[in-house]
Amino acid sequence: MFSFYNGFKKFAFAMDPETAHHQSINLLKRFPLVLSEVFRNENLGGRYGVQVGNLHWDFPIGLAAGLDKNAEAIDFFTRINFGAVEVGTVTPLAQEGNPRPRLFRYVEEESLRNMMGFNNEGAEAVRTNIIDSNRNGKVLGVNLGKNKLTPQENAKDDYHTLYGTFAPLADYLVINLSSPNTPGLRDLQQKDTLLELLSELDALRLAFPKPLYLKIAPDLSFEDIPDIVDVVKEKKLEGIIATNTTIMPERGAGGISGRLLTEKAALVRNKVLECVRETPEIQVIGVGGVSTFNELWDFWKAGGKAMQLYTSFIYKGPKVLDEIKHGIDSVMAQNDLKSVQEILDNINHISKP
Ligand SMILES: Cc1cc2nc3c(=O)[nH]c(=O)nc-3n(C[C@H](O)[C@H](O)[C@H](O)COP(=O)(O)O)c2cc1C
């Protein structure tokens, strides 16, 4: 398996990043069974589950949004050991996104920079793809975004439409206000605007209750985070996904992910965890530069449970999940524990090898 991905990666990394992405999704979409067998992760066997709100992830790492924007390869991604798969960002109408080139690799730093701009086939096509997909019993999230051409003041209408379309299909939904690639989007994270936008969904959420998350940027100032957490509490969202990509203007436009993001994302998610310490009903899903068991361990130590990744999957393939699983196994062995739940229950008293 390891050598298969390395071979595949040589071939894929010889192409420009976006072509490699589309070719890969195409393959994963056409041959989910064969490819999940080839890439097969070691069997999980029930010990690695975490409870995230009222959803059960059978592994504490999920796939982050943006890799399967159009929900084309759900069958593949739910066959390998992701505990949950998040598709999108989907916008109400199809849109092309920004001009190419818009995806760049920093191989040495195991990082990416993207300025895709929510390229996707639109809500109707994504809805059909989800309906037609085999999810293999896994948790499925759908990440929602506004169309670029929707004026800022009408953004709430886009999220309203999308919530209505996807609430009946998804296990959880995510309001994405944190992509750096849609002009003005991140401004919607501002407290009053956010409150207004979420209030618009009240009636619909009552009629179709689904866990609803807010995905935030790592570039928020530390002073803004408590305000956002207050809104999340007030509007009774399920939780926060922290974080999206970061801006590093010295590298060019767009958002940076992978190792270059690890430290900043960790600071922000720790701050979020600190703000929800007294409200354990608020979930925090950690994301941003997760590529080893160390990030998961630190997140657990800070009070979190489940994380997601994207960029390390590009650099390492499915073996990133096996490496994390081995980390978990070592902690279980060293501390004589039998499950991830037992690790979480004892996290303040145990150590890792
Ligand atoms: C090419 C690319 C496209 C992305 N598209 C989306 C997206 O559509 N919606 C979203 O919420 N996040 C998107 N992300 C952000 C990821 O979901 C994730 O938050 C971020 O990359 C940090 O995680 P990582 O370091 O594990 O990649 C994208 C990331 C990359 C690299």
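A quick note: this is a predicted structure, and the numbers were derived from the prediction, not measured. Atoms within a ligand are numbered from 1 in the order they appear, just like the ligands themselves.
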Closest non-hydrogen protein atom to [atom], residue and atom name please, with distance?
atom                    : value
atom 4 (C) of ligand 1  : Gly66 CA, 3.7 Å
atom 12 (N) of ligand 1 : Lys215 NZ, 3.1 Å
atom 15 (C) of ligand 1 : Asn244 OD1, 3.4 Å
atom 21 (O) of ligand 1 : Ser257 CB, 3.2 Å
atom 7 (C) of ligand 1  : Thr89 OG1, 3.3 Å
atom 26 (O) of ligand 1 : Tyr310 N, 2.9 Å
atom 16 (C) of ligand 1 : Ala65 O, 3.5 Å

Under 4.0 Å to a heavy atom of [X] - the qualifying atoms of ligand 1, by number:
X      : answer
Asn176 : 9 (N), 10 (C), 11 (O)
Thr311 : 24 (P), 25 (O), 26 (O), 27 (O)
Gly288 : 22 (C), 23 (O), 25 (O)
Asn143 : 10 (C), 11 (O)
Leu103 : 1 (C)

I'd like to know if Arg127 and Glu124 make a salt bridge, using a cut-off of under 4.0 Å between side-chain N and carboxylate O. yes
Salt bridge between Arg30 and Glu72, side-chain N to carboxylate O under 4.0 Å? no
Going by salt bridge (charged side-chain N to carboxylate O under 4.0 Å, His left out), name the residues that satisfy it together with Lys210, two or more places apart in sequence or in a different chain. none
Drop me the distance from [X]'s [atom1] to [Y]'s [atom2], to the nearest 0.5 angstrom.
X      : Y      : atom1 : atom2 : result
Leu162 : Thr91  : CG    : OG1   : 7.5 Å
Lys352 : Ile328 : NZ    : CD1   : 12.5 Å
Ser351 : Gln334 : OG    : CD    : 4.5 Å

For ligand 1, is there an N or O atom under 3.5 Å from any N or O atom of Ser312? no
Pairs flagged by ring pair (Phe, Tyr, Trp, His ring centres under 6.0 Å) wherever residues 151-202 is involved - sequence neighbours left out: Tyr172-Tyr213
Within 45° cone and under 6.0 Å: Lys9 NZ/CZ vs Phe13 ring: yes
